[in-house]
Undergrad: 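Here you go, one structure.
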There are 2 protein chains.
Amino acid sequence: MVTIYDIADHTGYSIATVSKALNNKKVSEKARRKILDAVEELHYTPNSSARTLATNKSWMIGVVFGENLGSGIAHPFFGQVIEGFKKHAELYNYDLLFVSRHMGLQQETYKHLSHRGVDGVVIVQSHGEDEIKKLDHMIPTVYIDRPTNESGTVYSDNQSGSRLAVNHLVENGHTKIAHIMGNQTTFPGIERATGFKKAMHEHGLPVREEYLVDGGFYSQAGGREAMIRLLSLKDKPTAVYVGGDEMAIAAMKVTKESGLKVPEDISFIGFDDIKIAQHVEPALTTIRQDKELIGQQAAIILLDKIAAKDTTRIVNKKMIPVTLIKRESVKRLA
Amino acid sequence: MVTIYDIADHTGYSIATVSKALNNKKVSEKARRKILDAVEELHYTPNSSARTLATNKSWMIGVVFGENLGSGIAHPFFGQVIEGFKKHAELYNYDLLFVSRHMGLQQETYKHLSHRGVDGVVIVQSHGEDEIKKLDHMIPTVYIDRPTNESGTVYSDNQSGSRLAVNHLVENGHTKIAHIMGNQTTFPGIERATGFKKAMHEHGLPVREEYLVDGGFYSQAGGREAMIRLLSLKDKPTAVYVGGDEMAIAAMKVTKESGLKVPEDISFIGFDDIKIAQHVEPALTTIRQDKELIGQQAAIILLDKIAAKDTTRIVNKKMIPVTLIKRESVKRLA
DNA sequence: TCTCCAATCGAAAGCGCTTTACATGCGCAC
DNA sequence: GTGCGCATGTAAAGCGCTTTCGATTGGAGA
């Protein structure tokens with residue numbers, strides 16, 4: 001391994017001067033030139049551990065996926081969010097460190113992150129595990145899809161999304177509208193359900209108890225179960241607003257299996273606009289979350305925090321607008 | 001920041017003893033106990049940079065996505081592969097470092113990786129960019145979906161996949177079979193096309209020039225273009241084997257748009273079995289690559305290399321079996 | 001009681017880099 | 001010729017940890 005000592009020997013300068021030349025500090029042009037030439041010639045590569053040790057700055061950002069996200073990196077929603085985050089962070093020369101979480105306890109994850117000396121942390125999850133809050137006292141942190149009063153966070157405007165969905169349904173003549181909710185301990189689940197109820201009230205529509213079913217943690221299995229419950233009702237809804245595309249897709253599927261037609265008999269609106277949404281039959285009308293933008297904004301918040309050595313405990317929340325994507329799963333009622 | 005010096009002061013032992021206790025080296029039970037207690041009490045967290053500097057071992061594995069993979073982490077195929085890789089690497093306490101590649105040149109990526117001192121590198125891409133080979137002389141490396149004579153690599157048994165596809169089509173009475181190829185500078189593209197030709201020959205079927213079209217880099221746009229060319233033929237194929245699901249989905253879509261029925265008029269088989277495949281209409285019959293397994297096997301190879309300080313230049317290639325997933329996009333010819 | 005050995009611990013060097021505080025040498029004005 | 005200030009370079013300490021090798025200790029055996 002070639003070090004600055006080798007460069008120093010080779011050029012006749014001291015290691016201090018070499019270090020300065022490499023860091024664009026003040027040295028004569030002549031020295032800089034000679035040193036840079038030697039760097040080239042000897043194939044010198046700086047050692048980031050040594051630098052981190054000396055400067056206490058790692059240029060790494062830790063990425064933590066919540067345990068409930070089984071698919072991790074490959075998650076259809078959060079994967080894209082992280083990609084958006086990464087693109088922005090890269091511009092500022094940060095690398096992303098995906099830490100392992102098999103140690104189980106969040107407590108351990110938090111220790112691990114500080115062990116690694118990351119400059120900041122982005123946490124991707126939607127519920128529970130408050131233990132990790134401790135992190136924030138130590139390392140700049142930004143949360144995605146999860147509110148917090150201690151830190152930065154970015155999430156979609158879930159309530160407006162619900163309103164968009166209900167409005168669209170009402171405009172198409174629907175009044176018997178059900179809602180398959182995401183788990184009610186998750187932030188998006190709660191917000192979307194709340195928005196749904198508000199929007200129904202705004203239209204003077206009743207929120208019927210039996211039209212409000214829990215679909216669990218946004219999986220197809222959960223969506224399927226919830227829809228089955230809805231289908232077993234004597235007085236079925238004519239439209240259902242589903243708080244997640246995966247659930248919505250499963251819900252559509254099971255209603256088709258039951259012999260009903262989508263959207264002729266029952267209309268559907270999802271939430272997320274994951275890639276699959278446009279490919280199912282009928283193509284799913286849904287509320288699109290801007291995943292790239294969410295990731296990017298999270299990166300912006302985090303980098304700001306890092307730069308500011310933010311000890312001021314500023315709480316920064318960003319709500320990202322959502323849009324209605326009209327496709328084929330909603331039918332106008334005669 | 002609390003260091004081993006603090007622990008040493010607090011317990012009365014030297015930093016050497018503290019270090020040993022923390023690393024399960026030989027110290028008395030009494031010392032170990034006192035030290036571990038102090039660690040707990042003072043909330044000591046080791047500093048990985050210092051340790052890496054001293055041991056020359058970072059416990060990080062660098063992850064590099066090829067530039068041609070626009071979607072990066074969110075890629076429907078490679079995202080899952082990396083997730084499989086991660087799961088295995090985690091078991092051995094490695095963290096994954098996704099390095100930024102905006103610096104452009106592979107040359108730079110390679111420097112960056114050695115700058116970071118990662119213990120190993122996994123490269124995810126399917127073509128070109130040979131510059132990165134240099135890496136392998138420095139850092140243990142494993143490639144995914146890309147052959148190399150210098151290193152470890154894992155990929156699916158593409159040729160067998162093609163055979164599976166062709167056999168299935170032939171069994172269903174098809175003889176006029178076209179192939180939309182992945183770009184012929186990519187390894188999977190070449191292999192699948194080769195396998196296709198071989199299989200056709202085995203069945204005594206001609207490989208017609210105009211039935212072999214290039215779909216480019218596995219995108220929907222490319223698949224669409226290629227299919228349009230096939231549809232413009234006077235003598236159309238009755239089945240097309242598409243070297244990638246994204247392309248296949250687009251191809252099916254455009255033939256439906258053209259007024260033809262799938263699979264009644266034209267049957268389709270894809271390759272990959274990405275998540276969307278089962279949701280399109282008709283559900284796509286395809287050759288499934290075992291993404292988790294590919295990732296896991298890549299991790300196994302890499303960790304072996306790292307452990308062996310492999311200077312023996314062993315070339316380790318693993319070919320992962322593929323399976324035919326029958327769904328609805330292939331129709332038996334009358 | 002004395003010797004000797006094994007077990008246990010610690011001093012110190014070193015990993016590669018940054019940074020402060022100071023030394024050196026130069027040109028310039030007087 | 002003297003003195004001054006400035007530009008440039010360097011010595012050395014320090015970041016937190018590992019590891020070698022020698023010092024110390026306690027106890028077993030004679």
Side-chain angles (χ1 to χ4, degrees), chain A residues 1-39 42-60 93 111-119 138-139, chain B residues 1-39 42-60 93 111-119 138-139:
Chain A
M1 159 154 279
V2 19
T3 72
I4 51 172
Y5 285 89
D6 299 315
I7 305 290
D9 287 352
H10 193 266
T11 56
Y13 288 101
S14 73
I15 62 160
T17 305
V18 173
S19 174
K20 283 180 188 159
L22 292 174
N23 290 290
N24 297 314
K25 305 258 166 103
K26 206 158 172 41
V27 290
S28 67
E29 252 325 300
K30 184 175 145 211
R32 183 185 310 281
R33 160 152 272 79
K34 282 186 67 173
I35 288 170
L36 261 27
D37 284 351
V39 162
L42 304 185
H43 298 300
Y44 166 76
T45 316
N47 177 314
S48 77
S49 297
R51 173 190 279 244
T52 296
L53 186 57
T55 59
N56 201 30
K57 166 98 183 161
S58 68
W59 293 100
M60 293 192 299
N93 294 312
K111 272 196 182 171
H112 188 65
L113 252 1
S114 86
H115 160 69
R116 281 300 194 183
V118 294
D119 296 333
M138 311 292 303
I139 311 177
Chain B
M1 156 153 282
V2 20
T3 72
I4 51 173
Y5 285 89
D6 300 315
I7 306 289
D9 287 351
H10 193 266
T11 58
Y13 288 101
S14 73
I15 62 160
T17 304
V18 172
S19 173
K20 284 176 190 160
L22 292 174
N23 291 290
N24 296 313
K25 305 256 167 104
K26 206 159 171 42
V27 291
S28 67
E29 255 322 302
K30 183 175 148 210
R32 184 186 309 282
R33 160 151 272 81
K34 283 187 66 173
I35 289 171
L36 261 26
D37 284 351
V39 162
L42 304 184
H43 298 301
Y44 166 77
T45 316
N47 177 314
S48 76
S49 297
R51 172 190 280 244
T52 296
L53 186 57
T55 60
N56 202 29
K57 166 97 182 162
S58 68
W59 293 100
M60 294 191 300
N93 294 311
K111 272 196 182 170
H112 188 64
L113 253 359
S114 85
H115 161 69
R116 281 300 194 182
V118 294
D119 296 331
M138 312 293 304
I139 311 178

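Residue numbers begin at 1 in each chain, while the letters A, B, ... track the order of the sequences. Owing to the predicted nature of the structure, the values given are computational and were not obtained by experimental measurement.
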Undergrad: Answer yes or no: is there a donor N or O on one side and an acceptor on the other, between the side chain of Arg51(A) and the main chain of Lys57(A), under 3.5 Å?
TA: no
Undergrad: Going through the distances and angles, do Thr3(A) and Asn47(A) end up as a side-chain contact (heavy atoms from CB on, under 4.5 Å)?
TA: CA-CA 8 Å; Thr3(A) 72; Asn47(A) 177 314; over 6 Å; no
Undergrad: Please step through side-chain contact (heavy atoms from CB on, under 4.5 Å) for the pair Thr45(B) and Met1(B), ending with a clear verdict.
TA: CA-CA 8 Å; Thr45(B) 316; Met1(B) 156 153 282; over 6 Å; no
Undergrad: Do the side-chain N and O atoms of Ser14(A) and Thr17(A) include a donor-acceptor pair separated by under 3.5 angstrom?
TA: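 Yes, Thr17(A) and Ser14(A) have a side-chain donor paired with an acceptor closer than 3.5 Å.
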Undergrad: At their closest point, which heavy atom of Lys20(B) faces which heavy atom of Val27(B), and how far apart are they?
TA: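 Closest approach of Lys20(B) to Val27(B): CB-CG1, 3.7 Å.
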Undergrad: Can you tell me the distance, in whole Å, between the CZ atom of Arg32(B) and the P atom of dA7(C)?
TA: 15 Å
Undergrad: Nearest whole Å is fine: how far is dT19(C) P from Lys57(A) NZ?
TA: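 For the pair Lys57(A) NZ and dT19(C) P, the rounded distance is 13 Å.
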Undergrad: Mind calculating the distance between CD1 (Ile35(B)) and C1' (dT18(D)) to the nearest angstrom?
TA: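 Taking atom C1' of dT18(D) as the reference, CD1 of Ile35(B) is at 14 Å.
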Undergrad: Rounded to the nearest angstrom, tell me the gap between atom CZ in Arg116(B) and atom C1' in dG16(C).
TA: 15 Å
Undergrad: Measure from the side-chain heavy atoms of Leu53(B) and tell me the nearest of dG16(D), dT8(C), dC17(C).
TA: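 Looking only at side-chain atoms, Leu53(B) lies closest to dG16(D).
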Undergrad: To the closest 0.5 Å, what do you measure between CD1 (Ile7(A)) and CD1 (Ile4(A))?
TA: 9.0 Å
Undergrad: What residues from residues 2-11 of chain B pass a heavy-atom cutoff of under 4.0 Å to DNA chain D?
TA: Thr3(B), Ile4(B), Tyr5(B)
Undergrad: Take the protein atom OH of Tyr13(A) and the nucleotide atom P of dT24(C), then report the distance between them rounded to whole Å.
TA: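 It works out to 18 Å between those atoms.
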Undergrad: Want to settle it: does Met1(A) or Gly12(B) sit nearer the 5' end of DNA chain C, counting the closest nucleotide to each?
TA: Gly12(B)
Undergrad: Give the nucleotide from the list dC9(C), dG9(D), dT18(C) with an atom nearest to the side chain of Val27(A).
TA: dG9(D)
Undergrad: Generate the contact string for nucleotides 20-26 of chain D. Rules: B means base contact, S means sugar-phosphate contact only, - means no protein heavy atom under 4.0 Å.
TA: B------
Undergrad: In Å, rounded to the nearest 0.5 Å, how long is the span from CG of Asp119(A) to CD1 of Ile139(A)?
TA: 9.0 Å
Undergrad: Whole angstroms only, please: what is the NZ-C1' distance between Lys30(A) and dA7(D)?
TA: 14 Å
Undergrad: Can you tell me how far C1' of dC17(C) sits from CG of Asn56(B), to the nearest Å?
TA: 15 Å
Undergrad: Classify Gly117(A) by what it touches in the nucleic acid, base, sugar-phosphate, or nothing, heavy-atom distance under 4.0 Å.
TA: nothing
Undergrad: Starting at the 5' end of DNA chain D, which residue's closest nucleotide do you reach first, Ala31(A) or Ile15(A)?
TA: Ala31(A)
Undergrad: According to a strict under-4.0 Å criterion, is Lys26(B) in side-chain N/O contact with OP1 or OP2 of dT8(C)?
TA: yes
Undergrad: State which of dG9(D), dG10(C), dT8(C) makes the closest approach to the side chain of Ser14(B).
TA: dG10(C)
Undergrad: Less than 4.0 angstrom between a side-chain N/O of Ser28(B) and OP1 or OP2 of dC9(C), yes or no?
TA: yes
Undergrad: Lys25(B) side chain N/O closer than 4.0 Å to the phosphate oxygens (OP1, OP2) of dT19(D)?
TA: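 Indeed, a polar side-chain atom of Lys25(B) lies that close.
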Undergrad: Looking at Asn56(B), I want to see if its CG is surrounded by more than 12 non-hydrogen atoms of other residues, nucleotides or ligands under 6.0 Å.
TA: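 12 or below, so no.
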Undergrad: Is a side-chain donor or acceptor of Ser58(A) paired with a backbone partner of Gly117(A) at a separation under 3.5 angstrom?
TA: yes
Undergrad: Round to the nearest Å and state the distance from Leu22(B) atom CG to dT19(D) atom C1'.
TA: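 So the two atoms are 14 Å apart, to the nearest Å.
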Undergrad: Counting only side-chain N and O atoms of Arg51(B), is one of them less than 4.0 Å from OP1 or OP2 of dG16(D)?
TA: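 Result: no.
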Undergrad: Looking at dT18(C), dG16(D), dT10(D), which one has an atom nearest to any side-chain atom of Thr17(A)?
TA: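 That would be dT10(D).
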Undergrad: How would you label the contact of Asn23(B) with the nucleic acid (heavy atoms, under 4.0 Å): base, sugar-phosphate, or nothing?
TA: sugar-phosphate
Undergrad: Can you tell me how far the CD1 atom of Ile35(B) sits from the OG atom of Ser28(B), to the nearest 0.5 Å?
TA: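 Rounded to the nearest 0.5 Å, the CD1-OG separation comes to 8.0 Å.
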Undergrad: Checking contacts here: which listed nucleotide (dG16(C), dC17(D), dT19(C)) is nearest the side-chain heavy atoms of Ser19(A)?
TA: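 That would be dT19(C).
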Undergrad: Could you point out which residue of Leu22(A), Leu36(A), Asp6(A) forms a side chain to side chain contact (heavy atoms under 4.5 Å, CB included) with Tyr44(A)?
TA: Leu22(A)
